[in-house]
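Please read the structure below before turning to the comments.
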Amino acid sequence: MKTLITGGTVVNATGRTAADVLVDGEKVVAVLAPGSTLLGFDLAANVDRIIDATGKYVIPGGIDAHTHMELPFGGTFASDTFETGTRAAAWGGTTSIIDFAVQTAGQRIEDGLEAWHAKAAGNCAVDYGFHQIVGGVDEASLAALTRLPDEGVTSFKMFMAYPGVFYSGDGQILRAMQVAAEHGLLPMMHAENGPAIDVLAEQLVAQGKTDPYYHGVARVWQMEEEATHRAIMLADVAQSPLYIVHVSAKQAVAQIAAARDRGQRVFAETCPQYLYLGLEEHLGAPDFEGAKYVCSPPLRSTSDEHQDHMWQGLRTNDLQMVATDHCPFCQTGQKELGLGDFRKIPNGMGTVEHRMDLVYQGVVSGKITLERWVELCSTTPARMFGLEGTKGVIAPGADADIVVYDPAGHTSIGFEKTHHMAIDHSSWEGFEIDGHVDTVLSRGSVVIDGGEFHGRAGHGSFLRRGASTYPA
Ligand code: URP
Ligand code: ZN
Ligand code: ZN
């Protein structure tokens, strides 16, 4: 099957150009001046399908490097399966996800990884890879980490938060970072001081402060700044790179920037919720509506300019990527487990469908360039997580993961209108997006076009990732 995408503006992280894109099978084979012939062939007359992208951007498919399909949390499971979650991703122009396989204390890493393969295999609409969550750092899991690259898994996440669940102490973290340094793995860190947060949360509940809002009060920014600093220091001692997930506080960005200025290989992502949503307005919403916005780290106070600092970090490369931390839970039967005690609300929000649109609003408002949008959402995730050359770029030899994005289009996000995630609400209800995902190709197959899903569960392949190539 040969496809020609004509008349559009091809946007890579390195620049934009008016060009036609020739796709053969699963790969991009040529990016040509508009209307070009190839070795004398009239391309348009010799392909199976032409996609007219006149007036539109032709960008590499999005890579969401932080999702949690079916994550067990707080006595329940994230409500998107790999089937529903990757279909929603496709709707939003995301053609690869990297999800987190889970190992808990006492479990073998191999078994945790195998369980995630079983959940995903044959179910995904777009390609998928795995990071490994290490919830129990011990001799066996440290040894297993050294074998992960052979499985195509080259990054793992540890938690300074959630004592008794995924938490690791400083000694465990240091040892795992030493293994990472020796074996070319990229450690990822949930940087919040869990034990101290638990004390504050217990005190708040004892005072009768049980609403979702107090989730944000307990997880005050000092807990994120302190843990971020500690993780950076531990990585420095271990001589390991470090990737901080879901950064929400401006003080944490400052720690990351300072480390990078000192020359440390510290990288970080933020998420759409920390660019747009606020502690008072959303987490503080009445009638338990705030539960929809319970995630960790929490939404920050909008009066403290955290959001401005996130955008600034994205512009200046103190922050390198935007991922969603997609971890959806329904209000009914899931979030409501925490009625009367915010500590029992499962942590997480559903965003995988909207990341490309939401970050594009930064282009519309002049906060970032078009190229930076592509870099933050696609090119850097590919490089950071060992997919450079295959994903994150429109160039000969790359997978034909392509989004035709209409800057003149419009998307009204709403549960009744645009919602494809398996959650009973949208945390993004009412967001009006300048721009629209028109057509999505996943390895050369059209999965979204004309407002319809044309993909299938099982099209998505497992991505065996190599070592990080960021920065080259
Ligand atoms: O609230 C969140 N972030 N839920 C998912 C688990 C995690 O910490 O990433
Ligand atoms: Zn986390
Ligand atoms: Zn997460």
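Each ligand, and each atom within it, is numbered from 1 in the order the structure gives. Sequence positions, counted from 1, serve as the residue numbers for this chain. Model, not experiment: these values are computed from the prediction.
For Tyr293 and His215, the ring centers sit 6.0 Å or farther from each other. For Phe166 and Phe159, the ring centers are positioned less than 6.0 Å apart. Between Phe100 and Phe156, a ring centre-to-centre spacing not shorter than 6.0 Å is recorded. Taking the six-membered ring for Trp and the full ring otherwise, Tyr213 and Phe342 have centroids separated by 6.0 Å or more. Aromatic pair Phe462/His117: ring centres closer than 6.0 Å. Ring to ring, His68 and Phe73 are not that close: their centroids are 6.0 angstrom or more apart. Here the two rings, on Phe453 and His420, have centers that are 6.0 Å apart or farther.
For the Zn ion (ligand 2), the set of nearby N, O or S atoms under 2.8 Å includes one belonging to Lys157. At a cut-off of 2.8 Å, His190 does not coordinate the Zn ion (ligand 3) through any N, O or S atom.
Considering Met349, His66, Arg219, Lys157 only, the shortest heavy-atom separation from atom 7 (C) of ligand 1 involves Lys157.
Less than 4.0 angstrom separates some heavy atom of Phe159 from each of these atoms of ligand 1: 8 (O). Against a heavy-atom cut-off of under 4.0 Å, Cys295 is close to the following atoms of ligand 1: 1 (O). Applying the 4.0 Å criterion to heavy atoms of His190 picks out, from ligand 1, the atoms 8 (O).
Atom 1 (O) of ligand 1 has Ser296 N, 2.8 Å as its closest protein atom, hydrogens excluded (heavy atom only). The protein heavy atom nearest to atom 3 (N) of ligand 1 is Asp325 OD2, 2.6 Å.
Atom CG of residue Asp64 and atom CZ of residue Arg355 lie 4.5 Å apart, to the nearest 0.5 angstrom.
Applying the side chain to side chain contact (heavy atoms under 4.5 Å, CB included) test between Leu242 and each of Arg265, Gln264, Met189, Met188 identifies Met189 as the sole match.
Within the 4.0 Å heavy-atom cutoff, Phe166 does not count among the residues contacting ligand 1. Note on ligand 1: Phe100 sits outside its first shell, no heavy atom being nearer than 4.0 Å.
In this structure, OD1 of Asp325 and NE2 of His68 enclose an angle of 100° at the Zn ion (ligand 3), rounded to 10°.
Here the N, O or S atom of His246 that is nearest to the Zn ion (ligand 2) is NE2.
Proximity of Cys327 to ligand 1, defined as any heavy-atom pair under 4.0 Å, is confined to the side chain (atoms from C-beta onward). At a 4.0 Å heavy-atom cut-off, ligand 1 touches Asn347 through backbone and side chain alike.
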